[in-house]
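Only this structure's heavy atoms are used, side chains among them; waters, hydrogens and symmetry mates stay out. Position 1 is the first residue of the sequence, and the numbers go up from there.
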Amino acid sequence: MQLSQARSFQCLLALIVLFCSTISIAGEIIKSPNDSREYRSITLKNGLQALLISDPQADKAAASLDVGVGSNANPDERLGLAHFLEHMLFLGTKKYPEAGEYQAFIQSHGGNHNAFTANHTTNYYFDIDSNHLAPALDRFSQFFIAPLFEEKYTDRERHAVHSEYSSKIRDDGRRAYAVTKQVMNPDHPGNRFAVGSLETLSNEPAGALREDMIAFYNTHYSANLMKLVVLGKEPLAELEQWITRYFSAIPDRALPPFEVKVPAYRASDLPMELLIEPVKDIRQLSMTFPLPPSKASWPNKPAQLIAGVIGYEGDGSLLAYLKEQGWATGLGAYSDSSSEVETLLTTGISLTKEGLQHRDDVVATFFSFMQAFQATGLAQSLFDEEQTLAANDFRFLAKQEPIHYVSQLSQQMRDYPERHWIDAPYRLEALDREKISQLLSAITPANMVLKVQAKGLEINQTEPHFKAPFAKQKISADRIATWQAADTQTALYVRHNNPFVPSDLDIAELGSQKVPTELENTPHVESWYLPDTTFKLPKADLYFTLLSPFSRAGAKASVAMDLYVDMLNEQLNPVLYDAAIAGLSANIYAHSRGITVRVSGYNNKVGVLIDTIAAAMRHPTLPAKRFNVVKQSYLDGLQNAAKDKPFQQLFRVGYETLLNNPALAELNTAAQDITLKDIQAVPDALFATPFVRLFAHGNLTAEQTEQIARKIAETLQLDNTASTPLEIAVKRLDTQALTKTVPVEHNDNALALYLQGSSTDIAERAQTALLAEILSAPFYSELRTEQQLGYIVFASPMSLRDLPGLSFVVQSPTASAELIETRINAFLDRQSEALQALTPDDLERFKNSLISRLTTEDKNRKERTNRFWQLLDKANIDFADRDKLVAAIKQLDNAQLIKALESLQQRRLTLRTMQPPE
C-alpha cells in the first residue's frame with residue numbers, strides 16, 4: 001500500500017471510529033449524543049407504527065401522523081381530491097362533532113396545527129402546551145377513526161380549496177411546476193393538477209363529491225400505512241398507553257403502499273426544452289436529469305454528494321465562473337432519490353439579462369464543469385471532510401421546535417430503516433465511487449429537461465390551470481453536439497478542502513449566567529456577553545450592528561446601503577459559502593437603521609470570519625462589472641415587489657406609512673440613477689458616527705468577546721461613534737381614520753386593517769396581546785371558514801418598536817375590498833359582547849394559552865440568541881420584560897379588554913387593494 005493510500009485509510013478509519021464513538025442508541029434507534037430524550041418504537045395491533053419521544057423538560061408537546069398517500073392517488077376525474085379530503089378531516093368527528101372543536105382546543109391551549117398534501121403523502125401535525133397532550137391526541141386520532149364528513153361543509157370547503165388555488169395562480173414557482181407537470185410522462189400520476197378547483201371538485205349531482213371523498217378515504221387511509229410520532233413530557237410507558245388507547249381503533253384495511261412504478265419522463269421525450277413566460281421579471285434556467293435509482297444507497301448519499309459539488313459556490317465553482325462572465329447571480333443543485341425507479345438531479349441557475357442571451361453558453365459551461373468532475377471523480381479527502389462535517393452535525397444536533405421535529409420524523413419513518421429514523425440525514429458511511437460514476441455518466445445533454453423562465457420567450461401554449469404561457473420543444477441535434485463538445489475550462493475544477501472545518505470542538509467551563517452582561521473593555525462598541533453551554537454545543541452566535549444616521553437620509557441612501565451590502569455579499573460569497581458548509585453561517589443585511597452582521601455556528605473560527613467580514617466592510621472591492629449586475633438584480637427586485645401577493649403589498653405600504661420608509665416608487669427612481677461612485681462613498685458615510693452594539697452568546701469567553709469587539713472597532717476605524725442608538729419614530733395615528741388604496745395587478749382583492757395602541761405601557765401591551773389570542777381563532781373561523789371570503793385570512797398582533805397593535809387581513813378571490821372591510825368591521829362590532837360573555841374559566845384558559853406561548857423555553861441556542869437580541873435592540877433594555885408582561889396579563893379582566901378594544905379601534909389604518917386602470 002502506498003503511503004498516501006495508507007494515510008487515507010487511516011483517516012477514514014479514524015472518522016468511522018469518531019462517528020461510532022459519538023452516537024448513542026435508544027433501543028435500536030440511533031440518536032445524537034447531545035439528545036437526552038428517550039425514544040421507543042411500537043407497532044399497534046392494527047399495524048400503525050409509532051415513535052414515542054419522552055422529554056421531561058418539554059413545555060410544548062407535539063404529534064404528527066403521516067398517512068402515506070397524497071395527490072398521486074387522485075382519481076383522474078377528481079383532481080385535488082386528496083387535498084380536499086385533508087380540509088374536510090378538520091370539520092368534526094363522531095366523538096367531537098363540532099366543526100371547529102379541534103382547532104379551538106389546540107388554539108386555546110397554546111398550540112398550533114396544520115397539514116399538507118404532497119404528491120406522495122399527506123401529513124397532519126400539531127403542538128400544544130405539554131399539560132394537555134392526552135386530550136389533544138384523543139381529538140386528533142378521531143380524524144382517522146370516525147370523521148363525519150358532513151355534506152353541509154362540502155360546498156364550503158371546495159370553495160376554500162378553490163380560494164387556495166386562486167391565491168397561487170400568479171405565483172411563478174407554482175406556474176413553472178404546473179407547466180412541468182404538463183410535459184411529464186403521461187403514465188406518471190405526478191403529471192396532473194393536484195390542488196383542486198371548483199371545476200375538478202364539482203358537486204354535481206349533489207352529494208357526489210362527498211361520496212367520492214369517502215371512497216378515497218376508505219381506499220387509501222389505513223392504519224397499516226400510517227406513521228405516527230408523539231413527543232411529550234410523560235414517561236415512555238405512559239405515552240405508549242395513550243397511543244394504544246387513542247389510535248388502536250384506526251381501521252386496518254391491510255392496504256398495499258401506493259407506489260409509482262414509472263419514470264417521471266419518457267426517454268423518447270428527451271432531450272426536451274421548456275420555455276415559460278413568468279409574471280415577474282425573473283430569469284431562471286434549470287437542467288433536470290433522470291438518473292439511475294439510488295434510494296437504496298441512502299447511507300452513502302451519492303446523488304447528494306454530486307449535487308453538493310455542482311452547487312458549490314467557492315473558487316473553481318460553476319457559479320463563480322458564471323458570475324465572472326456576468327451571466328448568473330445564483331445557483332443551486334439538489335437531488336431527489338426517493339423513487340424506486342429513478343433519481344432526479346436538478347441544477348437551477350438565476351441568470352442576468354446577458355446570461356439569458358448566452359443561455360446556451362451557460363449550459364455548455366455546465367457540461368464543461370461536468371467533464372472535469374467526471375474525469376476526477378470525488379476525492380477521498382473531500383468525502384472524508386463531508387463525513388466529518390455530517391458526524392459533527394449529528395453529534396451536536398440541536399433541538400428543533402417539537403411541531404417541526406415530529407412532522408419531519410413521521411416522514412423519515414417511511415424512508416429509512418427503524419434504527420436510522422433519526423440519524424439517516426446525517427449518515428455518510430462510504431465513498432461509493434462506482435455509484436457516483438454511474439450517476440455522473442447519465443448527466444448528458446441527451447438526457448436533459450432544460451427549462452427557461454423569462455420574459456420575451458417564444459411561446460405557443462397555455463397551461464390550463466395556472467394560465468402560464470409556455471412552449472415545449474425537442475432540443476436540436478446541433479445544440480446537443482455543441483454541448484457534448486464543450487471546451488474544458490481550466491477555471492472550473494472540483495473544489496479544494498474547506499479551511500473552515502473546525503479543529504477545536506471543546507466546550508468551555510463558562511459558569512452559569514441567566515442574562516447578558518455589558519462588557520466594559522471595548523471602546524467604541526457597546527458589547528454584551530452571555531456565556532452559555534446549556535445546550536452542550538461548541539457553538540456561538542455573534543451579532544454586531546451599526547446604527548447610522550446615513551440609513552435614514554432618504555431613498556437614495558437606502559438604495560446605496562442595499563447595493564453596498566449586496567456587493568459585499570457578492571465579494572465575500574466564496575468565503576461565506578465555505579464557512580457555511582463547515583457549520584459557521586454568516587448573514588450580512590441592511591435595514592432601516594443601518595447594517596447588521598450575524599455569525600452563527602462552531603465557535604472555533606468565529607473570530608477569523610468576523611475579521612474577514614469587517615475588513616471587507618471597511619475596504620470593499622467594488623468592480624464596475626459586479627455593480628452593474630447587482631444594480632440590475634436590485635431593480636428587478638423592486639419591479640417584482642409590485643407583483644407580490646396583494647396582502648404582502650398592503651403590508652409593505654403599511655410599513656412605509658408607519659415607519660416613514662421610502663416608498664417603492666421612490667426607491668425605484670433612486671435606483672435608476674444610482675452610480676458606482678455613490679456606493680463607493682457608503683463606507684465613509686456609514687462609519688462616520690455610528691452607534692455600534694455587539695452581542696456574543698454561547699461557547700465564547702468574555703476575553704474572546706472583548707478581543708473580537710476591539711478588533712471590529714480597529715478594522716472598521718470606529719473613532720467617532722455615537723453614545724446612543726438611532727431610533728425610528730413610529731407614526732402615531734389619531735382618531736381620524738386613515739385609509740390608503742394600493743393598485744395591485746392580481747385576480748384577488750385584499751384588505752388589511754391595523755389598529756394601533758396608544759402607548760408602549762406594559763399594561764396596554766398585555767391587553768393587546770391577550771386580545772390577539774382571543775380574537776384570532778374566531779376571526780379565522782367566521783371570515784375564512786363560515787363566510788368563505790378567501791384562503792388567506794388571519795388576525796395577529798402587530799407590534800412596532802414596542803408600540804402594540806392588531807392587524808386583520810383578508811385576501812379574497814370573490815369579495816371586493818369594500819365588502820371585506822364591511823365584514824371585518826361587523827366582526828369587530830360583535831366582539832365587545834363576546835368579550836363580556838367570556839366566563840372566568842374561558843378567560844383563564846386564554847391567559848394560560850398566551851402565557852404558554854410567551855414563556856416557552858428556548859429549544860436551542862439560536863432561539864435564545866434571538867430573544868435577547870430583540871431585547872438589546874430596544875432603546876430601553878429590560879431583561880425582565882417578559883416576566884412583567886406575564887404578570888400584567890394575569891391581572892386582566894373582561895372590562896379591561898373591552899375598553900382596550902374600543903381604544904384600539906379609535907386609531908385605524910385601512911389598506912385596501914384596487915385594480916389599476918387599463
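- Every pair passing ring-ring contact (aromatic ring centres under 6.0 Å, His included) that includes a residue from residues 317-338 is listed here, sequence neighbours excluded: Trp327-His358.
- Side chain of Asn603 to main chain of Lys539: a donor-acceptor pair is present (N/O by atom type, distance under 3.5 Å, no hydrogens or angles).
- With 3.5 Å as the limit, one finds a donor-acceptor pair spanning the side chains of Glu313 and Asn573.
- Using modelled atom types and a 3.5 Å distance limit, the side chains of Asp360 and Thr482 yield no donor-acceptor pair.
- A donor-acceptor contact closer than 3.5 angstrom is absent between the side chains of Gln438 and Glu434.
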Going by atom type alone, with no hydrogens or angles, which donor-acceptor pairs under 3.5 Å involve a side-chain atom of residues 577-588 and a protein atom two or more places apart or on another chain?
| unit_1 | atom_1 | unit_2 | atom_2 | d |
| --- | --- | --- | --- | --- |
| Tyr577 | OH | Gly311 | O | 3.1 |
| Asp578 | OD1 | Tyr312 | OH | 2.7 |
| Asp578 | OD2 | Tyr312 | OH | 3.2 |
| Ser585 | OG | Ser600 | O | 3.3 |

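- With contacts defined as side-chain heavy-atom distances shorter than 4.5 Å, the pair Ile610/Leu542 qualifies.
- Arg359 places a side-chain N or O within 3.5 Å of a backbone atom of Leu356 that can act as its donor or acceptor partner.
- Looking at heavy atoms from C-beta onward, Val309 lies in side-chain contact with Leu378 at the 4.5 angstrom threshold.
- Side-chain contact between Met370 and Leu440 is present, with heavy atoms from C-beta onward closer than 4.5 Å.
- A salt bridge does not link Lys451 with Glu273: every distance from a Lys NZ or Arg NE/NH1/NH2 to an Asp or Glu carboxylate oxygen is 4.0 Å or more.
- In this structure, Gln49 CD and Ile42 CD1 are separated by 10.0 Å, a value rounded to the nearest 0.5 Å.
- With sequence neighbours excluded, no residue satisfies side chain to side chain donor-acceptor pair (under 3.5 Å) with Gln484.
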Checklist entry - Under the side chain to side chain donor-acceptor pair (under 3.5 Å) criterion, do Ser410 and Asn123 qualify, and how do the steps go? => result CA-CA 8 Å; Ser410 66; Asn123 195 278; 2.9 Å; yes

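- Annotation for Arg192 and Pro189: closest pair NE-O, 3.2 Å, computed over non-hydrogen atoms.
- Contact check on Arg598 versus Asp541 returns a salt bridge, with a Lys/Arg side-chain nitrogen under 4.0 Å from an Asp/Glu carboxylate oxygen.
- Side-chain contact, Gln489 with Thr365: no donor N or O sits under 3.5 Å from an acceptor N or O.
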Next on the checklist: Gln284 vs Ser350, test: side chain to side chain donor-acceptor pair (under 3.5 Å). Steps then yes/no.
Outcome noted: CA-CA 5 Å; Gln284 298 283 340; Ser350 298; 3.2 Å; yes

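- Rounded to the nearest 0.5 angstrom, Leu450 CG and Ser286 OG are separated by 7.0 Å.
- In summary, the aromatic rings of Tyr416 and Tyr426 are positioned with their centroids too far apart to meet the 6.0 Å limit.
- Asn191 and His188 are not linked by any side-chain donor-acceptor pair at a separation below 3.5 angstrom, with hydrogens and angles left out of the test.
- A donor-acceptor pair is defined here as one N or O able to donate and one able to accept, closer than 3.5 Å; no such pair exists between the side chain of Lys605 and the backbone of Pro502.
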Checklist entry - Could you walk me through whether Val452 and Ile276 pass the side chain to side chain contact (heavy atoms under 4.5 Å, CB included) check? => result CA-CA 6 Å; Val452 181; Ile276 306 170; over 6 Å; no

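- For Asn569, the side chain to side chain donor-acceptor pair (under 3.5 Å) test picks out no residue, with sequence neighbours left out.
- Counted within 6.0 Å of CZ on Arg174, heavy atoms from surrounding residues, nucleotides or ligands total 12 or fewer; the atom is thus considered open.
- In this structure, the side chain of Thr352 engages the main chain of Gly355 through a donor-acceptor pair within 3.5 Å.
- Ion pairing between a basic and an acidic side chain is recognised when a charged N comes within 4.0 Å of a carboxylate O; Glu38 and Arg40 show no such pairing.
- Residue pairs that meet the side chain to side chain donor-acceptor pair (under 3.5 Å) test with at least one member in residues 298-309, sequence neighbours left out, do not exist here.
- Summarising the local packing, CG of Asp315 is surrounded by 12 or fewer heavy atoms from other residues, nucleotides or ligands at distances under 6.0 Å.
- In this structure, the side chain of Thr122 engages the main chain of Val69 through a donor-acceptor pair within 3.5 Å.
- Residue pairs meeting the salt bridge (Lys or Arg N to Asp or Glu O under 4.0 Å) criterion with at least one member in residues 317-344, sequence neighbours excluded, are Lys295-Glu340, Lys323-Glu570.
- Residues Asp506 and Pro538 approach most closely at O-CB, 3.8 Å, considering heavy atoms.
- Taking each heavy atom of Ile310 and Leu331 in turn, the nearest pair found is O-CD2, 3.5 Å.
- The closest side-chain heavy-atom distance from Ser339 to Val260 is not below 4.5 Å.
- Taking 4.5 Å as the limit, some side-chain heavy atom of Ile30 sits within range of a side-chain heavy atom of Phe394.
- Atoms OH and CZ, from Tyr125 and Phe116 in turn, are 6.5 Å apart once rounded to the nearest 0.5 Å.
- Put simply, the side chain of Tyr405 does not reach to within 4.5 Å of the side chain of Lys859, judged on heavy atoms.
- Of the possible polar contacts, none joining the Ser335 side chain to the Ser337 backbone as a donor-acceptor pair under 3.5 Å is found.
- The closest donor-acceptor contact from the side chain of Thr121 to the backbone of Thr117 lies at 3.5 Å or more, if one exists at all.
- More than 12 heavy-atom neighbours from other residues, nucleotides or ligands sit within 6.0 angstrom of NZ on Lys625.
- Between the side chain of Ser437 and the main chain of Arg433, no donor-acceptor pair closer than 3.5 Å is present.
- Residues Leu345 and Ala307 approach most closely at CD1-CB, 3.9 Å, considering heavy atoms.
- Counting only heavy atoms from C-beta outward, the side chains of Leu428 and Leu305 approach each other to under 4.5 Å.
- Between Phe470 and Leu275 there is no side-chain heavy-atom pair separated by less than 4.5 Å.
- A donor and an acceptor atom, one from each side chain of Asn699 and Thr533, are nowhere located under 3.5 Å apart.
- For the residue pair Asp504/Asn604, the side-chain donor-acceptor check at 3.5 Å is not satisfied.
- Neither side chain, Gln411 nor Asp415, offers a donor N or O lying under 3.5 Å from an acceptor on the other.
- In this structure, the separation between OG on Ser317 and CZ on Phe369 is 7.5 Å, given to the nearest 0.5 Å.
- Side chain of Ser294 to backbone of Ser297: no donor-acceptor contact under 3.5 angstrom is found.
- Between the side chains of Thr346 and Thr288, at least one donor N or O sits under 3.5 Å from an acceptor N or O.
- Between the side chains of Gln400 and Gln408, at least one donor N or O lies within less than 3.5 Å of an accepting N or O.
- Nearest heavy atom pair, residue Leu572 against residue Ala616, reads CD2-CB, 3.8 Å.
- Pairing each heavy atom of Glu429 with each of Phe383, the nearest pair is C-CZ, 4.1 Å.
- Leu576 contributes atom CG, which lies 6.0 Å from atom CG of Leu609 (distance to the nearest 0.5 angstrom).
- From Arg626, atom CZ reaches atom OG1 of Thr621 across 6.5 Å, with rounding to the nearest 0.5 Å.
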